[in-house]
K.L.:
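Let me begin by handing over the structure; questions about it come next.
All residue numbers in this chain count up from 1 along the given sequence. Computed from a predicted model, the values in this text were never measured in an experiment.
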Amino acid sequence: MRKSVLYFVIGTTISFIINYFILNAEVGWQLNLFYGMAFGLGWGLAYFVDQPKWKLHKKMSISFIGIIILLIIGRLFFNSILVIPSIIRFSTVFVAYYLIASFKQSKSLRQ
């Protein structure tokens, strides 16, 4: 659980720094932070559900809960159009984690 939170914090920080300071995305720091949180949440949740004993439906349910959390938080502060890229980032990072893990014989990045 600690590593999942660490991945969330590091992913959020790195994504925010890249988007806000390096790419100079002109959407405001609040939206850049939200997009960074979506990126960090993707990595953190992907690592969290990377449990060999868990069934696929449990892993996908938890990822769906992550998407719902992004939707709720995003709708509280932004409009729906601005929330969609956060879901795309979350999903892309989540899939990328398992794509990278698929190259390992254990099919997990934890081992």
K.L.:
How far apart are the closest heavy atoms of V83 and G74, and which atoms are they?
P.N.:
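That closest heavy-atom pairing would be CG2-C, 3.4 Å.
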
K.L.:
Please name the pair of heavy atoms, one in Y47 and one in S4, separated by the smallest distance, quoted to 0.1 Å.
P.N.:
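Answer, listing the atom of Y47 first, then S4: CD2-OG, 3.5 Å.
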
K.L.:
Between F78 and F34, is the gap from one ring center to the other below 6.0 Å?
P.N.:
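Yes; F34 has its ring centre under 6.0 Å from that of F78.
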
K.L.:
Are Y97 and I88 linked, directly or through intermediate hydrophobic residues, by side-chain heavy-atom contacts shorter than 4.5 Å (ILVMFWY only)?
P.N.:
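No; tracing contacts between hydrophobic side chains, which count when under 4.5 Å, never links both residues.
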
K.L.:
Is it the case that more than 12 heavy atoms not belonging to F8 sit under 6.0 Å from its CZ atom?
P.N.:
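Buried by this count: over 12 neighbours within 6.0 Å.
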
K.L.:
To the nearest 0.5 Å, tell me how far N32 CG sits from F21 CZ.
P.N.:
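Taking CG in N32 and CZ in F21, the distance rounds to 9.5 Å.
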
K.L.:
Check for me, please, whether F39 and F77 land in the same ILVMFWY cluster - side-chain distances under 4.5 Å, paths through other members count.
P.N.:
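Yes, F39 and F77 fall within the same hydrophobic cluster.
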
K.L.:
Measuring from atom CD1 of I65 to atom CD1 of I72, what distance do you get when rounded to the nearest 0.5 angstrom?
P.N.:
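If we round to the nearest 0.5 Å, I65:CD1 and I72:CD1 are 10.5 Å apart.
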
K.L.:
In the single-linkage hydrophobic clustering (I, L, V, M, F, W, Y; side-chain heavy atoms under 4.5 Å), do Y20 and I17 co-cluster?
P.N.:
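Same hydrophobic cluster.
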
K.L.:
If you count every heavy atom of other residues, nucleotides or ligands that lies below 6.0 Å from W54 atom CH2, does the total exceed 12?
P.N.:
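Atom CH2 in W54 is packed in, count exceeds 12.
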
K.L.:
Nearest heavy-atom pair of S86 and A38: which atoms, and what distance?
P.N.:
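Closest approach of S86 to A38, heavy atoms only: O-CB, 3.4 Å.
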
K.L.:
Among the clusters formed by ILVMFWY side chains lying less than 4.5 Å apart, do M60 and I87 turn up in the same one?
P.N.:
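M60 does not cluster with I87.
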
K.L.:
CZ of F64 to CD1 of I69: how many Å apart, nearest 0.5 Å?
P.N.:
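F64 CZ to I69 CD1: 11.5 Å, rounded to 0.5 Å.
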
K.L.:
Can the ring centroids of F94 and Y98 be said to lie less than 6.0 angstrom from one another?
P.N.:
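Ring centres of Y98 and F94 closer than 6.0 Å.
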
K.L.:
Can you measure from NZ (K58) to CD (Q51) and round to the nearest 0.5 angstrom?
P.N.:
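K58 atom NZ to Q51 atom CD measures 8.0 Å (nearest 0.5 Å).
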
K.L.:
Report yes if some heavy atom in the side chain of S15 is under 4.5 Å from a heavy atom in the side chain of Y35; otherwise report no.
P.N.:
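With C-beta onward as the side chain, the pair stays apart.
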
K.L.:
Determine, stepwise, if the pair S63 / L45 fulfils side-chain contact (heavy atoms from CB on, under 4.5 Å).
P.N.:
CA-CA 7 Å; S63 95; L45 270 182; 5.6 Å; no

K.L.:
Compute the centroid of each ring, for W43 and then for F90, and state whether the two points are separated by less than 6.0 Å.
P.N.:
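So the answer is no for these two rings.
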
K.L.:
How many angstroms lie between OG1 in T92 and CG in L99, if you round to the nearest 0.5 Å?
P.N.:
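It is 11.5 Å, given to the nearest 0.5 Å.
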
K.L.:
When you measure from the side chain of D50 to the backbone of A46, do you find a donor-acceptor pair of N or O atoms at a distance under 3.5 Å?
P.N.:
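No, D50 side chain to A46 backbone: no donor-acceptor pair under 3.5 Å.
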
K.L.:
If you look at every heavy atom in R89 and N19, which pair is closest and at what distance?
P.N.:
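Reported closest heavy-atom pair: NH1-ND2, 3.0 Å.
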
K.L.:
Please check if V93 and F103 belong to a single hydrophobic cluster, counting links between Ile, Leu, Val, Met, Phe, Trp and Tyr side chain heavy atoms closer than 4.5 Å.
P.N.:
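Not linked; separate clusters.
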
K.L.:
Going from CE on M37 to CG on L33, what distance comes out if it is rounded to the nearest 0.5 angstrom?
P.N.:
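Going from the CE atom of M37 to the CG atom of L33 covers 6.0 Å.
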
